[in-house]
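Here the structure comes first, spelled out in structure tokens, and everything after it is commentary.
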Amino acid sequence: MRYILGIDAGGSHTRARLTKLDGAVLGEAEAGPANARIGLEKLHNVLMSVTRDAIAAAGLDETDMPLITAGMGIAGISRPGMLPAASQLEFPFRSVSLESDAAIANLGAHLGEDGATLILGTGSVAYIKIGKVCITIGGYGFPISDEGSGAALGLSAMRHALRALDGRTKPTPLSTAVTAQFDHNTGRAIKWMDEATPKDYADLAPMVMDYAEWNDEIARSIVEDAVKHVERFIETIFDKGAPRCALAGGLSRRLQPWLRERTAARLTHCKGDSLDGALILAHPEYRPGSVSR
């Protein structure tokens, strides 16, 4: 083993980082979604593609793959039957360890120590590690679950926008901005929804946050409702005995200022990111190095 590869395969995008054991980063790469829902063949293709790009960024080639120990966190892999099936995929590495994206986010946030992580991105899920006990809260999939997530914000925005368009509720700048993407045409909006993925809905979340910060009445109500779910997540995490909790995911930085002061005071900062967690999964002795990223 000469190199360590960490991959974070999520609902919106996939990231890879190739390092040495001392944490020196050799190469990084990004690709599209690679969660378990896209099918094992497509999942494997994305994982290998982002690996090749990371290797190329490091100035290496495919002949170096047998020197790699890999750790991969994959969204949706905790679904029944998915982990055994994904474990049968062939990779040209020295070894491969697979876990959920929530597990590697938690490993990275606390650098392998006990703690909890609430991930707020395209979806939402909480992951708690206390000794050898690991607990997952939420993360059952959109639209049943994923409360407080980017996809949930986007879905609420679409609902409000369509109601405003047909006259059931008062239009606001947010609703106008959303329907403008469909030329204010209900049929076009419905056609988009017929094929929309959680990522498509989550792409509306920054707009919702922007308008909430600009005091749009409906946008604020959408965000405030999401924050109630986030705070309930955090309360449940501590009720289950977690010694600490950190927020992670692309939406977390924008939602955290909306939390009550007493809730925010209970949170800790992430010591590392999900790719650090994937690298720890690959090799437990790995720790982020001092090399500039």
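Just so you know, these numbers use all the heavy atoms, side chains as well, and skip hydrogens, waters and symmetry mates. When a residue number appears, it is its place in the shown sequence, counting from 1.
- Residues L247 and V223 share a hydrophobic cluster, clusters being chains of Ile/Leu/Val/Met/Phe/Trp/Tyr side chains in contact below 4.5 Å.
- Here the options are T117, D114, T136, the test is side-chain hydrogen bond (donor to acceptor under 3.5 Å, both in side chains), and the partner is N106; only T117 passes.
- Between F91 and F93, the ring-plane angle classifies as parallel under the 30° and 60° cut-offs.
- When the shell of 6.0 Å around NZ of K271 is examined, it contains more than 12 heavy atoms from other residues, nucleotides or ligands.
- For V208 against L153, the heavy-atom pair with the smallest separation is CG2-O, 3.9 Å.
- Annotation: side chain of D276 is in contact with side chain of Y286 (closest heavy-atom distance under 4.5 Å).
- Note that CE of M209 is 13.5 Å distant from CG of L204, once rounded to the nearest 0.5 Å.
- Salt bridge status for K129 with E113: absent, with no side-chain N to carboxylate O gap under 4.0 Å.
- Salt-bridge annotation for E28 and R15: absent, with no side-chain N of the basic residue lying under 4.0 Å from a carboxylate O of the acidic one.
- Residues R244 and L267 form no side-chain contact, since every pair of their non-hydrogen atoms from C-beta on lies 4.5 Å or further apart.
- In this structure, the side chains of M207 and V178 come closer than 4.5 Å at one or more pairs of heavy atoms.
- Distance alone, capped at 3.5 Å, places no donor-acceptor pair between the S97 side chain and the A282 backbone.
- Using a 4.0 Å cut-off between charged nitrogen and carboxylate oxygen, D203 and K199 count as a salt-bridge pair.
- Here the options are I4, L60, L5, the test is side-chain contact (heavy atoms from CB on, under 4.5 Å), and the partner is I68; only L5 passes.
- Note that OG of S78 is 9.0 Å distant from CG of L83, once rounded to the nearest 0.5 Å.
- Between the side chain of H283 and the backbone N or O of E285, at least one donor-acceptor pair lies under 3.5 Å.
- The two residues E147 and F233 come nearest to each other via the heavy atoms O-CE1, 3.8 Å.
- A distance of 10.5 Å separates CD of E231 from CZ of R266, quoted to the nearest 0.5 Å.
- Applying the ring-ring contact (aromatic ring centres under 6.0 Å, His included) definition to pairs two or more places apart or across chains, those involving residues 178-205 are F142-Y201, F182-W192, W192-Y201.
- In this structure, D146 contributes its side chain and S124 its backbone to a donor-acceptor pair below 3.5 Å.
- Residues Y127 and C134 meet the side-chain proximity criterion, which asks for heavy atoms closer than 4.5 Å.
- Applying side-chain contact (heavy atoms from CB on, under 4.5 Å) to I74 and the options L47, I104, D101 leaves one that passes, L47.
- In the hydrophobic clustering of ILVMFWY residues, with side-chain heavy atoms under 4.5 Å counting as a link, I77 and L275 come out apart.
- A salt bridge links R17 to D273: one of the charged nitrogens lies within less than 4.0 Å of a carboxylate oxygen.
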### Task
I would like to know whether M193 and L162 meet side chain to side chain contact (heavy atoms under 4.5 Å, CB included); could you show each step before the answer?
CA-CA 11 Å; M193 289 187 296; L162 288 174; 3.4 Å; yes
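- Within a 6.0 Å radius of CD in E217, other residues, nucleotides and ligands contribute 12 heavy atoms or fewer.
- Atoms CD1 and NZ, from I130 and K132 in turn, are 15.0 Å apart once rounded to the nearest 0.5 Å.
- A donor-acceptor pair is defined here as one N or O able to donate and one able to accept, closer than 3.5 Å; no such pair exists between the side chain of S274 and the backbone of A105.
- In this structure, D8 and M72 have side chains that are not in contact, with every pair of non-hydrogen atoms separated by 4.5 Å or more.
- In this structure a side-chain-to-backbone donor-acceptor pair under 3.5 Å is missing from D53 to V50.
- A salt bridge links D166 and R168; the closest N-O separation between the charged side-chain nitrogens and carboxylate oxygens is under 4.0 Å.
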### Task
Show your working on side chain to side chain contact (heavy atoms under 4.5 Å, CB included) between T51 and M65 and close with a plain yes or no.
CA-CA 9 Å; T51 295; M65 287 187 179; 4.2 Å; yes
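- Between I128 and I137, the closest side-chain pair of non-hydrogen atoms falls below 4.5 Å.
- When only modelled atom types and interatomic distance are considered, D239 and T236 share no side-chain donor-acceptor pair under 3.5 Å.
- Smallest separation of non-hydrogen atoms from T14 and P33: OG1-C, 3.8 Å.
- S175 places no side-chain N or O within 3.5 Å of a backbone atom of P171 that could act as its donor or acceptor partner.
- Residues F238 and L255 are members of one and the same hydrophobic cluster, defined by side-chain heavy-atom contacts under 4.5 angstrom among Ile, Leu, Val, Met, Phe, Trp and Tyr.
- Look at E213 and R254 and you find a salt bridge, because one of the NZ, NE, NH1 or NH2 atoms lies within 4.0 Å of a carboxylate O, short of that distance.
- Note that the CD atom of Q256 and the CG atom of L118 stand 10.0 Å from one another [nearest 0.5 Å].
- In summary, E235 and R260 engage in a salt bridge, as defined by a charged side-chain N under 4.0 Å from a carboxylate O.
- The shortest side-chain heavy-atom distance between H160 and T172 falls under the 4.5 Å cut-off.
- Cluster membership for V133 and V125, using ILVMFWY side-chain heavy atoms within less than 4.5 angstrom, is not shared.
- Although no hydrogens or angles enter the test, the distance criterion places a donor-acceptor pair under 3.5 Å between the side chain of H44 and the main chain of E90.
- Across all their heavy atoms, K240 and I135 have their closest contact at CD-CG2, 4.2 Å.
- Atom CG of L281 and atom CD1 of I7 lie 11.0 Å apart (nearest 0.5 Å).
- In the hydrophobic clustering of ILVMFWY residues, with side-chain heavy atoms under 4.5 Å counting as a link, I237 and V227 come out together.
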### Message
side chain to side chain contact (heavy atoms under 4.5 Å, CB included), that's the test. Do L43 and N45 meet it? Break it down for me.
### Response
CA-CA 5 Å; L43 172 64; N45 289 340; over 6 Å; no
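- Across all non-hydrogen atoms, the minimal contact from P198 to A151 is O-CB, 3.6 Å.
- A side-chain donor-acceptor contact under 3.5 Å links S221 to the backbone of I218.
- Side-chain atoms of N185 come within 3.5 Å of backbone N or O of G187 as a donor-acceptor pair.
- Between G148 and L251, the shortest heavy-atom contact is O-CD2, 3.6 Å.
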### Task
Please lay out, stage by stage, how W258 and R220 fare under the test side chain to side chain contact (heavy atoms under 4.5 Å, CB included).
CA-CA 10 Å; W258 290 76; R220 284 188 63 90; 3.6 Å; yes
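- Between Y3 and T19 there is no side-chain heavy-atom pair separated by less than 4.5 Å.
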